[in-house]
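Structure first, commentary second.
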Amino acid sequence: MKHLLKLLDLSGEEIIDILNLADQLKYETKHGIEHPHLKGKALGMIFEKSSTRTRVSFEVGINQLGGYAVVLSSEGSQIGRGEPVQDTARVLSRYVDGIMIRTFSQGEVEDLAKHGSVPVINGLTDFCHPCQVLADLMTIREFKGSLEGLKLCFIGDGNNMMNSLIVGGLKVGMAVSVACPEGYRPPKEILEFASQHNGFQLTDSPAEAAQDADVVITDVWTSMGQEEERAKREAAFKGYCIDEALMAKAKPDAMVQHCLPAHRGEEIGESVFEGNAKYIFEEAENRLHAQKAVMVKTMG
Ligand code: CP
Ligand code: NVA
């Protein structure tokens, strides 16, 4: 695998391969078995948006693989002053062995890969969040034993998380149902992909989407960069909260995932969040293991 730009670029088999390696690396981490697959290698990390989990899990992860991280933010670098991405790509490629980038436009990530000569890993764009969804699939498989045939339901905004969950879920053989209000649906590219698969459902009814689901997932209503739309979004997503009444529609043993940060009382109820904390924080931990697998597959 050369890059991880979006899950649309991977086959279902490639996704499962990453998850298998992630499981193995998690086992080794838990048992104190060293795995220096990227000894001496440098990972450049570019952050044009805030981060807690992605920042820490990538930096700890590259260290556990025997490498090290160099972190750039837009404000502290020439990126924030408008240096073209094609120049940043060619410069960084001469210093580091791989680049993780979190930014707004998917095009910028694709351009970084096109103009640079080292692997590029997408750490979130407005379009997708592939690393997060690999960790989600890893977590679901860990608790449910398998992925194929399970029903994954996402309630909320047609955003980066919904996009990647639709693609990742369908590629590994899950049924995927999503509920979002009119005007907040996933982009055409994602709906076109989904329409080629059986087992995809798009509705504006959270109850319909959650019916008999094995996994119920949500994310914030206002993503990074959309802060000015907060009030409008709060109104549009009224009724899209994962609360106890909605969870009663899902299977009795359904698990909840949330990529975090969560807004209790908005997209998720307090008792549903705390009742599913063991799944949600395992999901957060699995970012570390899944991303180590991605780094080994791309930079190894
Ligand atoms: N879920 C996630 O990507 O978290 P951060 O924004 O903290 O990196
Ligand atoms: N959809 C959210 C995810 C944060 C991890 C955002 O883009 O802000």
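In each ligand, atom 1 is the first atom listed, and ligand 1 is the first ligand listed. Just so you know, residue 1 is the first one in the sequence shown, and it goes up from there.
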List the closest protein heavy-atom neighbour of [atom]: residue, atom name, distance to the nearest 0.1 Å.
atom: atom 7 (O) of ligand 1; result: Thr52 N, 2.7 Å
atom: atom 8 (O) of ligand 2; result: Met224 N, 2.8 Å
atom: atom 2 (C) of ligand 1; result: Arg287 NH1, 3.3 Å

Between [X] and ligand 2, does any nitrogen or oxygen pair lie at a separation below 3.5 Å?
X: Asn160; value: yes
X: Ser223; value: yes
X: Thr222; value: no
X: Leu124; value: no

- prompt: Counting each atom of ligand 1 from 1 as listed, which ones have a heavy atom of Leu260 under 4.0 Å away?
  reply: 1 (N), 2 (C), 4 (O)

Where ligand 1 meets Cys259 - atom numbers and elements under 4.0 angstrom, heavy-atom basis: 1 (N)

Can you list the atoms of ligand 2 that are under 4.0 Å from a heavy atom of [X]?
X: Asn159; answer: 1 (N)
X: Leu260; answer: 5 (C)
X: Asp219; answer: 1 (N), 2 (C), 3 (C)

Proximity of Arg55 to ligand 1 by residue part, where a heavy atom lies under 4.0 Å: neither

- prompt: Can Asp126 be said to touch ligand 2, with heavy atoms closer than 4.0 Å?
  reply: no

message: Is there a polar contact, in the sense of an N or O pair closer than 3.5 Å, between Leu124 and ligand 1?
response: no

task: Kindly compute the distance separating CE (Met255) from CE (Met247), expressed to the nearest 0.5 Å.
output: 10.0 Å

Exercise: do [X] and [Y] side chains pair donor with acceptor under 3.5 Å:
X: Asn160; Y: Gln132; answer: no
X: Gln291; Y: Ser57; answer: yes
X: Glu244; Y: Ser271; answer: yes
X: Gln24; Y: Glu28; answer: yes

field: Result of checking Lys251, Lys144, Lys151, Arg141 against Asp214 for salt bridge (charged side-chain N to carboxylate O under 4.0 Å, His left out)
entry: Lys251

query: Any idea which of Met224, Gln132, Arg102, Lys49 brings a heavy atom closest to atom 6 (O) of ligand 1?
result: Arg102

query: So which of His129, Met161, Arg53, Glu283 gets nearest to atom 3 (O) of ligand 1, if we judge by its closest heavy atom?
result: His129

- request: Look at Lys6 together with Asp9 and state whether they make a salt bridge at an N to O cut-off of under 4.0 Å.
  value: yes

query: Should the pair Glu34-Lys39 be classified as a salt bridge under the 4.0 Å nitrogen-to-oxygen rule?
result: no

- request: Please report the C-alpha distance between Gln106 and Thr125 in whole Å, then the side-chain angles of each, then the deciding distance to 0.1 Å, and finally whether the side chain to side chain donor-acceptor pair (under 3.5 Å) criterion is met.
  value: CA-CA 6 Å; Gln106 179 71 18; Thr125 60; 2.8 Å; yes

message: For a side chain to side chain contact (heavy atoms under 4.5 Å, CB included) check, start with the C-alpha distance between Phe127 and Ile190, then their side-chain angles and the critical distance, and finish with the verdict.
response: CA-CA 10 Å; Phe127 178 66; Ile190 297 294; 3.7 Å; yes

query: Side-chain heavy atoms under 4.5 angstrom apart, residues restricted to Ile, Leu, Val, Met, Phe, Trp, Tyr: same cluster for Leu165 and Ile16?
result: yes

